[in-house]
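Atoms considered below: every heavy atom in the structure, side chains included; atoms not considered: hydrogens, waters and symmetry mates. Just so you know, residue 1 is the first one in the sequence shown, and it goes up from there. The structure displayed is predicted, hence computed values, not measured ones.
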Amino acid sequence: MSYFRAFLNSPVGPKTTHFWGPMANWGFVISGVMDSQKPPDAISGNMTSVLCVYSLLCMRFAWMVRPRNYLLLACHASNESVQLYQLSRWLKHQRYLSQKEENVSS
């Protein structure tokens, strides 16, 4: 019980934004995982790139802030992985489209 009380009152516990901010950001990860089932032509390359940069910046913030926010770091590391996967799917699809276009024009 004392462990729970210590967590509840800690600087990164559920009474702070250090806890609820990362919890809300898990929505990005869940959304990215669910989008991985969609066809690659539905992926926005610009938005996926922005989300990659956003997650990198937030990972740096989570590491530099005191106390270190490991929950935020884990959340954005997961989001970075998902978004890089989505970006690779989008790039492969773009390459496929350009090759298809070359074959048609030849």
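Both Trp26 and Phe19 are members of a single hydrophobic cluster when ILVMFWY side chains are connected at heavy-atom separations under 4.5 Å. At a threshold of 4.5 Å between side-chain heavy atoms, the hydrophobic network of Ile, Leu, Val, Met, Phe, Trp and Tyr places Val65 and Leu71 in two separate groups.
Formation of a donor-acceptor pair under 3.5 Å by the Asn79 side chain with backbone atoms of Cys75 is not found in this model. Between the Thr48 side chain and the Gly45 main chain, no donor and acceptor come within less than 3.5 Å of each other. With hydrogens and angles disregarded, a donor-acceptor distance shorter than 3.5 Å links the side chain of Ser36 to the backbone of Val33. In terms of modelled atom types and a separation under 3.5 Å, the side chain of Trp90 and the main chain of Pro40 share no donor-acceptor contact. The backbone N or O of Ala62 lies less than 3.5 Å from no partner atom in the side chain of Asn69, so there is not a single donor-acceptor pair.
For the 3.5 Å distance criterion, the side chains of Tyr96 and Asp41 fail to qualify, holding no donor opposite an acceptor.
Separating the CD atom in Gln86 from the CZ atom in Arg89 is a distance of 5.0 Å, to the nearest 0.5 Å.
Outside the 6.0 Å centre-distance limit, the rings of Phe28 and His76 are not counted as a close aromatic pair.
Clustering of Ile, Leu, Val, Met, Phe, Trp and Tyr side chains at separations under 4.5 Å places Met59 together with Leu56, Trp63, Met64, Tyr70, Leu73.
Inter-residue side-chain proximity for Lys15 and Leu8 is flagged as met; some heavy-atom pair is nearer than 4.5 Å.
Counting non-hydrogen atoms of other residues, nucleotides and ligands closer than 6.0 Å to CZ of Arg60 gives a total of 12 or fewer.
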